[in-house]
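See below for the structure under consideration.
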Number of protein chains: 2
Amino acid sequence: MSKNKKRSSGRRSDHTREEIQELTLVAAEQIVEEEGLSGLSARKIATAIGYNVAMIYHIFSNLDDLILHVNARTLAKLYVTLQHASSKCRSPRTCLITVSHSYIDFAQENRNLWNMIYEHVLPNDVSKPAWYQSKVDKMFILIEELIEPLSENLNNRQIEQAAQTLWCGVHGICILTMTKKLDFDVKEMKSLSESLINNYLTGLLNNS
Amino acid sequence: MSKNKKRSSGRRSDHTREEIQELTLVAAEQIVEEEGLSGLSARKIATAIGYNVAMIYHIFSNLDDLILHVNARTLAKLYVTLQHASSKCRSPRTCLITVSHSYIDFAQENRNLWNMIYEHVLPNDVSKPAWYQSKVDKMFILIEELIEPLSENLNNRQIEQAAQTLWCGVHGICILTMTKKLDFDVKEMKSLSESLINNYLTGLLNNS
DNA sequence: ACCTGAACACCGTTCAAGT
DNA sequence: ACCTGAACACCGTTCAAGT
């Protein structure tokens, strides 16, 4: 009788701890891709990987921790994408445009995973682990390296501020459009960000 | 015995339907202010107003609908705040800066309510009701009226695009800072948005 | 050591039934 | 007509217990 159940209980050792972690993250990514953050649950992941829910809590400290790991993977993919885009353009100025287009494309192609980075909020009392924050910081270095060659008159603080302003601006266009907070068409995102980058850079180079 | 319970069951008619709706929204606002969207639940609201959970569902079609009503009230407050800020400044340019500061202040002073506007996502198959969308549209008219007098050379499409780009840009600075997605200090928000507006407008007026 | 069953304290939502 | 009790189908999280 009980042999008809897949397993009774107790040890299995089908997979190492690392394998289960990988299985969990991949399963979580698939659920989020299909149903978004609100469709994700520990129980759903457990079913997908064929383990009991409690197993999830032996590997991650809680759902927030698990989501942070998924988000870190998405950030790593985004970084590779942006880096690739930044490596094959002529002038710094067109390069910034190209990278912004690449960000916008990534957001559209990875809708739910991209969105989860921003939709997920950590409880007020916990802060981001360093391994996560460093993935974010890398992005800004990429942008700063594109702004620096624009003019010899820019000091480090100005370059940093320009990178931050443009990143936030392109992100603002993207997030408000993708989450339908404003009724912009997705096709308008690129022209808005071109308007942002072109006018901002003209102003920056004129004023310095 | 049963007289010790506040009420047994059945009709009460302590409040009209409109009063209960108001009580519900006010209770929801208070919970969100204190605990954020994740702390909000229909059961908690019901307890706060002294009714059964099911009552909530006789007044709102579901939690999403209720949240939309709270968000509409927040948007209305934001509109009044921005309008007030825009009415008392000298030049269009300083006025745009003043309004952006006002937006940033509002976000900080109404953290959780402001954040809920963006954190809450409607299910994919439902779209925003018209009465909600019109509250958003009013904001853009405000911004466009500040951009228009900047130059006679701007056509309507350019004014619209400038309003959208600047709104998205200031919002991007604000949301990424407030949600701690980037480790910016809240004090930096205003200087970043000034950098955005000043350089963008210089570029816009130079290029047209 | 690896893994699970079962519990605890919550959810959103519905609807037959009570006054 | 107004309002609720009780149910249904879910959650996240924990931990004693089974192999």
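- Atom pair Leu66(B):CG and dT13(C):C1' shows a separation of 14 Å (rounding to whole Å applied).
- Between the P atom of dC10(C) and the CD atom of Glu35(B) lies a distance of 12 Å, rounded to the nearest Å.
- For the residue pair Thr24(B) / Tyr51(B), no side-chain donor-acceptor distance below 3.5 Å is found, with atom types taken as modelled.
- Whole-Å rounding puts the Tyr51(A) OH to dT4(C) P distance at 7 Å.
- Taking atom C1' on both nucleotides, dC11(C) is separated from dC8(D) by 12 Å, rounded to a whole Å.
- Ile31(B) has its CD1 atom 10 Å from the P atom of dG12(C), to the nearest Å.
- dA9(C) sits 22 Å from dA9(D) when the P atoms are compared, rounded to a whole Å.
- Atom-to-atom distance recorded for Asp137(A):CG and Leu182(B):CG is 9.0 Å, nearest 0.5 angstrom.
- Atoms CD1 (Ile45(B)) and C1' (dG12(C)) sit 12 Å apart, rounded to a whole Å.
- Every residue two or more places apart in sequence or in another chain that forms a side-chain contact (heavy atoms from CB on, under 4.5 Å) with Asn156(B) is listed here: Ile159(B).
- Under the side chain to side chain donor-acceptor pair (under 3.5 Å) criterion, the residue pairs touching residues 159-176 of chain B are Tyr103(B)-His171(B), Arg157(B)-Glu160(B), with sequence neighbours excluded.
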Based on Watson-Crick and G-U pairs with both distances under 3.5 Å, what dot-bracket line describes DNA chain D 5' to 3', crossing pairs as [ ] and inter-strand pairs as |? ||.|||||...|||||.||
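- Remark: P of dT4(C) and CZ of Arg43(A) are 14 Å apart, rounded to the nearest angstrom.
- In this structure, Met55(A) places its CE atom 16 Å from P of dT13(D), rounding to the nearest Å.
- Between the SG atom in Cys168(B) and the CD1 atom in Ile173(B) there is a gap of 11.5 Å [rounded to 0.5 Å].
- Distance, His15(B) NE2 to dC2(D) C1': 13 Å, rounded to whole Å.
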Could you go through the salt bridge (Lys or Arg N to Asp or Glu O under 4.0 Å) check for Lys44(A) and Glu35(A) one step at a time? CA-CA 11 Å; Lys44(A) 234 183 243 177; Glu35(A) 309 176 48; 2.8 Å; yes
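- Among the heavy atoms of the strands, none lies under 4.0 Å from Arg17(B).
- Between the side chains of Arg93(B) and Thr98(B), not a single donor N or O lies within less than 3.5 Å of an accepting N or O.
- Applying the side chain to side chain donor-acceptor pair (under 3.5 Å) definition to pairs two or more places apart or across chains, those involving residues 178-192 of chain B are Asp105(B)-Lys190(B).
- Ring geometry, Phe60(A) versus His69(A): the interplanar angle exceeds 60°, so the pair is classed perpendicular (tilted spans 30 to 60°).
- Glu194(A) and His101(A) share a side-chain donor-acceptor pair at under 3.5 Å.
- Near DNA chain D, meaning a heavy atom under 4.0 Å from it, residues 18-30 of chain A has no residue at all.
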Could I get a table of every N or O pair under 3.5 Å where one atom is in the protein and the other is in nucleotides 14-16 of chain C?
none

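- In this structure, the side chain of Asn110(A) does not engage the main chain of Leu113(A) through any donor-acceptor pair within 3.5 Å.
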